[in-house]
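Following: one structure in structure tokens, then a few remarks.
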Amino acid sequence: MKFLVKSSGKCGRLGIISNLPNRQGETFDTPFLTIYTRGGNVPHITHEVLQLITTENLMMLMPLPTIMTALRSIESCGQSISEFVGLKEYPSYITPQDPGIETPSGYNKGDEVAVWTKNGKRTVDPSKYMNMIEKMKPDMYLALCDGDVNSDSSKKRIVKSMTRTSKLFKDCYNYHQASTELQNVALLAPIEGGYDLNARRLISEEMAVYNVDGYVFDGFHTNGLTVESIPCNAVEPIIRECLERLPKDRLRVIHGAWSPATLLKLVALGFDVFDTSLPFVSTERGSALVFPFNENMALSTPFINSSQKSGKDTNSSGPEYELSIEEDIYKEDFQPILIDCNCLTCKQHTKAYIHHLLKSQELLGKVLLMMHNLHHYLEFFKCIRTAVKNDSLETLCHLVESHRGPL
Amino acid sequence: MTTGARPPALTFKVIGSCSTTKARVGVMSLPHQDVDTPVFMPVGTKGTIKGLLPQQLEALNCQIILGNTYHLGTKPGVEILKKAGGLHKFMNWPRALLTDSGGFQMVSLLELAEITEDGVNFKSPYDGSECMLTPEHSTEIQNAIGADIMMQLDDVVHSTTTGPRVEEAMHRTTRWLDRCLGAHSRNDDQTIFPIVQGGLDPDLRKQSALQHIERNSRGFAIGGLSGGESKDDFWKMVHLSTDLLPKDKPRYCMGVGFAEDLVVCCALGVDMYDCVFPTRTARFGCALIDEGQINLKNVTFETDCRPIDSECRCTTCKRYTRAYLHSIVTTETVACQLVSVHNIAYQMRLMQRIRSSILEDTYPNFVRSFMKRKYTDGNYPQWIVDALNAVGVKLE
């Protein structure tokens, strides 16, 4: 894989990813989104429907816990993971944990990392992990690591996570170097250390010496819904320290369902790669993303007023950047989610219909929400790239943040 | 009426017939769609089919789908459907729709229902409240839903019931038909189908059919079957009904959808079918092929790198293997959609093969090769042998 930083400044950086294995000629402009998948498919979205959302080139993020149980099938079909899951046109990227679902805490032991599959807990050590990577032939992957750390973690836990990750990484790295199959596959190194500045400095210095394609900033959270509420200022000083110690010409990756406002700040800090776990968690709770990212939308986006919502506790109505379509106020709302949105859901269906589908537990409800949420987020990223280019990321931040509940 | 030149809400034209059996091919023109018959109608109970978008259903060549009046009347409810401008607009489905009367739920929820001359008294399974579904009420809801074809409220008795209750239900069905027709307020946009009842009694079936024919409807349904009666009784009742019903009107056999039943009933002269089976079974990982069905959950498919059906041209078979589907079948909603796409494609392709062979007047050959493939050992069920024999097709 080749990564070229085109420009870099206080408001983020622009780059191009190219030369992925077997995908010569395909490029990705950064900052970009990897597409969150489960069991190799975008949640609720078949290949046929994905083509109705976007025909742009996408990289599929495949969390190991959701594909690991298919290993025997993958082996016997002799296909790469992308081919096996019916998405051969798309490059794949494997991570040891699942950013869309909260990872149970406290199960990593010795050389083994706990991976929670549909059939329960599996343990994976470096040789098992690398063996699976060789068989699944992704275009990019993150080395095995212990990211079981969040803001509540003790010093002891952080040290444990770091020493274990060091060891796991070295084993993976050596395996990678010796493997002929993995020669062209991009390898990413984990940056752990929780919220401990010193620990982060140490591991950054350690990882900086390896010949890897990029770094994944892990260990800030345990995935799923634990990410949205983390304020950027909690991670910003740590990230700055790490970035200073890492080579600037490598890919910088961060996972999880960050709030849109925090995500923009991460872009400004210089991250290149994110994922679509926010559209996923939003869809799963029956919500549609509606935060504005251009002037037009700021004018026409429905103002989310918590007093309009069905009362009760405001916690149930979810974050301010989305509409909870299951709420009764949408029962007779024959407008699309967003009037000016060009996604198929908004062009063809009303909130009342989606409300009915969600209330009736019909599959199409989440299909329509996911189509909109994915479209919304992909368009958001187009605006992010333009904003970084035009040095107007701050304006975009204001737009996104302007859309909050009533003052 | 200012627009006197407008065609009726249903016209039916037979464009080809089998010279041996009673099978025929027709075009049924409805306000929203010309439908090629014999047709299989997938069931979308609550205004949607198994996570599929309306454009996917169009791409699958579905020309008409079903909605269930009882469910739609409960959720989202008549008021919302009225405000939306009917079910077509609510679900954004441009093609034809058919709604049932809500009456079938009588059989399935019988412990919650009490039938009187007035109608069916339901205890709502949702909140326990009582509500009366009368022929007038069923018609009113169906008028609000606005389907191209609606069904009369009929007095359904379980197909294995015998004795005076069957006769009572048959006569009541005719009385209720008159009440439905009387309450029907959109005769220019929607067609009510009467339902031939009479249980498994040939005499009662005959009376029911003749009473309905007098009402000069645009199409007819054969009801009260597919409820657990023997296949031997089933085909005889269908055979008898199609002998009586007018040749120039479409005939709809309710609740039929297994491939071999469709092939036999087409030979008996039935034009329309519906069944929840192909889409319901998809949810459990069951995929339809000519040889029968395969359950993708089965461990034998873990290493099976073939598509579900190598002859099928659906988007699932063109892209996904049995092994992949096996890996997601119980956990990912996408699996349900992918298998539903295939199963609907299978039903549509089966009906297409049936129509083509009737038009080429090779239907008996099609029937024989279909049955041979399905029953490779040549052990045909006796009812299939008998039913086909009755219309001049000998198996073996």
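Side chains included, hydrogens not; waters and symmetry mates left out as well; all remaining heavy atoms used. Chain A is the first sequence line, chain B the second, and so forth, proteins listed ahead of strands; every chain is numbered from 1.
Proximity to chain A involves both the backbone and the side chain of B/T303, based on heavy atoms less than 4.5 angstrom apart. In this structure, chain A has no heavy atom under 4.5 Å from any part of B/I49.
Under the 4.5 Å side-chain criterion, counting only non-hydrogen atoms from C-beta, B/Q55 is in contact with A/L344. For the pair B/S327/A/F84, a side-chain contact is recorded, criterion being any heavy-atom separation below 4.5 Å from C-beta on. Side-chain contact between A/H349 and B/P54 is present, with at least one heavy-atom pair separated by less than 4.5 Å. Between A/L52 and B/L53, some side-chain heavy-atom pair lies under the 4.5 Å cut-off.
For the set A/V42, A/L357, A/L363, A/L368, the count of heavy-atom pairs under 4.5 angstrom toward chain B peaks at A/L363. Note: B/I80 leads B/V341, B/I80, B/D304 in heavy-atom pairs under 4.5 Å with chain A. Heavy-atom pairs under 4.5 Å with chain A peak, among B/I328, B/T315, B/T48, at B/T48. For the set A/T69, A/T350, A/V367, A/V85, the entry with the most heavy-atom pairs within less than 4.5 Å of chain B is A/V85.
Under a 4.0 Å N-O distance rule, the pair B/R319/A/E89 qualifies as a salt bridge.
Neither side chain, A/N41 nor B/Y320, offers a donor N or O lying under 3.5 Å from an acceptor on the other.
Residues A/H356 and B/F90 bring their aromatic ring centres within 6.0 Å.
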